[in-house]
Amino acid sequence: MEEEVDYDAYMREPIIRKSFQVKKGLKKARIYATAHGLYQFRINGIVGTGDLFLPGRTVYTKRLQYQVYDITQILAEGENVLAVLLGDGWWRGSNSAENTHNAFGYKLGFLGQINLEYEDGTSEMITSDSSFRYLPGPLLRSDTKAGEIYNAVSEPTGWDCPGYDDSTWKPTLEMKYAFDNLIATSSVPVRAVETFQPIVLHTPDGSTVLDFGQNITGYVSFRVDVPAGIRIRMVHSEVLNKEGNFTIAHYQGWYALQSGREEPFQEEVYIAKGKGVESFCPLFGVYGFRYVLLEGYPGEPDPADFTAHAVYSAMEAAGTFTCSDENLNRLVQNSLWSQKGNFLEIPTDCPTRERAGWTGDAQVYCKTASDFMDTYTFYEKWMQDVAADQAPTGKILNITPGGKPYIMEEIRRQAICHGEKDDETLTKKLEEQYGQGELLDGSSGWGDVAVILPWTIYQVYGDPRIIENQYESAKKWVDYIIVNCKNPNPHYKDAPWYPADSDGDCDGNYIWDSCFHWGEWLEPDSKANASGDQAAYFTEMIARQMTIGEPPLTTAFSANSAHIVAQMAAVLGKEEDAAYYDAIFKRMKRIYNACFIKEDGCILEDRQAPQARTLALGMAEEDKIGKVAAKLNEYVEKAGFHLNTGFLSTKYLLPMLTEYGYKESAYRVLEQDKYPSWLFQVKNGATTMCESWSCYTPGMEPFASCNHYSYGAVCDYMFSYIAGIRLLEPGYKKFLIHPVPGGTLTYAKAEYESPYGTITSVWKIENSKTVYKFTIPANTKAVIRLKVNEEEAEHLSREISASKYEEGIISLEVGSGRYVYTVKS
Ligand code: BGC
């Protein structure tokens, strides 16, 4: 534990060592470790594990993970050394949207224990007490966003190995903390998984820039041979500016907006030791980048001396999708790369500007993420943090771990810095507010992560544990909504939902028309989506949203969440809850239809999002579905087959068009390559998904983040509609295969590793015939649905008795096996 505190400056990070003896006959040795801050441990100079960013990222005040590693093989008889390096990490480093520091504390600390077991049955324990010694180490700065400064000159030679004399080091300070927040790790380990070599660019302004060809999250290791004290500076960015020069101005502008000062950004500095060729790999630095500005490096860099490492929570691969259009294949890769780039311990919005666990983004993307990778463990862990952050009222924070500090001392300090008077009234106010979330928290579509995500993950994997664990939190969120619905918003006093209903209960009690909501967020024609005066825009937008909210949006999401909680309750055998929440859902749906869906099916003139959302969340009554869908298609046609949906509803757009008979419109939107569209980004060089549709507009200065996965949720359309693999029963015990060839595609293939084995769906169009090939794994059932003519239907129903032919589509109930069908296109 450190002695000094500096609230605002970056601190020099401590290194810790402990020398201990191992006797003859060691049978088993384990280390248990955690930290306030990030830790790397070494045994006898060897880094103890390839797992990175330990102890992980959680709501540390309530859930601090510890790790356990078997170190038997790296210990030797005689003297051994445990060496530990610490970094600020998410403990006290720059945090989240507000870019606050000291979120969980001011001082770094290490808690560890080595258990030695001998053949003769005896055992020993080495614990992190004041017999451990420490020094300020070579890391002069180690901040999550600003980056690291590593001074190799000040690294004591051999400090992490036996034989080193640490008598001048200081004994560590032993602190007493309650251990009640300690939990065994449940993280999917973060590892350096893939590597890239650069090409060297000499940009028009004379700089040397390394281009790794792919936008990733990670760091760059390198080799160098320079005299001692030479500073090599690497700054990381996702894009070049319109002149082709390196830039981070668009991030720094945003920073300045948040903290009022310009801060270093994604900057790794290495001060060379100067003893021949030396290799360096960042310790706790992680950046979102494709380009690296290289300064201080002597002569022309040899690309072979630089390696970029893509770092992410190393989940198993699950699904792949390829088709006959190379641009769509690139789009799939872009989405997958945004997933890799944003799945580092928690699901983040982006790996650069905010690096925050934005709940809405996670909710939108969770099914697609699970199409690509096995996400169960990853999400299970993070959802526990979402619940840990939930306010007693049931409010869900917009980001988890939260963007504001968790310790009262820092909350108070920051309040005073922002002009609050340091007195009893402040203490009282802060105590009352503690843990309640902020005014902007609890946004509809964001908070619904508490319900949508666990339910989706249960559907995908069939394991009810996640809904058992999250049920109380999901229910509390819906209860919070219900309480807020009962809080009338004076702005809507004359709205049709206010007069009391026949049962005396006012319909307004089921419409969420108050509180702040982000709304659909970043519809392509909204101001939030453009460069310009963002500060003014935000002030105006927040004031507007606080006053008028978004009743159609919030009511659709709320009803959907009530509906899901009812279904969760049914799975868990909670009959009363199931009936209660189902009744809430039905009432909200009835009022929604009466108040928000006009006679002709329009919800909001020319807006695609409300139409698609209404259909996807099951909010239109039977007799209105056709009209709502027709309006959706009308708006899409009117927009020249461009989308105008934002964060929340883009993923619904193509599925809903396809589901309700407008498949060719869906394909035209998907294959669209003029702004705004997915392929506009791809064709202009994006290698990840962008936050804004205009991120890659030629001739425009970069703005916004180039690595936000939310719009990548379109990839689920490829698995679920183009290849047609859709869940019918949890865990893919039973599923649908209903491919929908269309657009200019002549071929598509999806492969998905379900809990029961590999599911494949392939189709190819050749000589006016479509050949379909499917694999259904053992112990599962599938319903295959294909568009066929009457003759083909007759032939197929002779082959498979469990079949039905309706409106040109044959449905075949099949068991495991391989199936091939050739039908006229
Ligand atoms: C973040 C998001 C987030 C949004 C909330 C942005 O600044 O990057 O992805 O969901 O704010 O509207």
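Computed from a predicted model, the values in this text were never measured in an experiment. Numbering of ligands and ligand atoms starts at 1, following listing order.
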Colleague: Against heavy atoms of Asp349, which atoms of ligand 1 measure under 4.0 Å?
Modeller: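 Once the distances to Asp349 are compared, the set is 1 (C), 8 (O), 9 (O).
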Colleague: Of all the atoms in ligand 1, which lie at a distance below 4.0 Å from a heavy atom belonging to Arg353?
Modeller: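 Numbered from 1, ligand 1 contributes 1 (C), 6 (C), 7 (O), 8 (O).
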Colleague: State which residues pass side-chain contact (heavy atoms from CB on, under 4.5 Å) with Ala450; sequence neighbours excluded, sorted by chain then number.
Modeller: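 Applying side-chain contact (heavy atoms from CB on, under 4.5 Å) to Ala450 gives Ile396, Ser473, Trp477.
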Colleague: Under 4.0 Å from a heavy atom of Glu354: which atoms of ligand 1 are those, numbered in the order shown and with their elements?
Modeller: 1 (C), 6 (C), 7 (O), 8 (O)
Colleague: Could you tell me how the ring of Phe378 sits relative to the ring of Phe343: parallel (under 30°), tilted (30 to 60°) or perpendicular (over 60°)?
Modeller: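 Correct class here is parallel.
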Colleague: Side chain of Tyr287, backbone of Gly147: donor and acceptor closer than 3.5 Å?
Modeller: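 The answer is no, because no donor-acceptor pair under 3.5 Å joins these two groups.
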Colleague: Could you check Asn215, Thr217, Asn334 and say which one makes a side chain to side chain donor-acceptor pair (under 3.5 Å) with Thr688?
Modeller: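 Answer to the side chain to side chain donor-acceptor pair (under 3.5 Å) test with Thr688 among Asn215, Thr217, Asn334: Asn215.
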Colleague: Could you tell me which atoms of ligand 1, counted from 1 in the order shown, lie closer than 4.0 angstrom to a heavy atom of Trp446?
Modeller: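 Ligand 1 atoms under the 4.0 Å threshold to Trp446: 5 (C), 10 (O), 12 (O).
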Colleague: So if I count the atoms of ligand 1 from 1 in the order they appear, which ones are less than 4.0 Å from some heavy atom of Asp361?
Modeller: 2 (C), 3 (C), 9 (O), 10 (O)
Colleague: Show the atoms of ligand 1 that are less than 4.0 angstrom away from any heavy atom in Glu691.
Modeller: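 Within the 4.0 Å cut-off of Glu691, ligand 1 contributes 8 (O).
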Colleague: Indicate yes or no: does Arg607 engage Asp525 in a salt bridge with an N to O separation below 4.0 Å.
Modeller: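 Counted as a salt bridge, because a side-chain N and a carboxylate O are separated by less than 4.0 Å.
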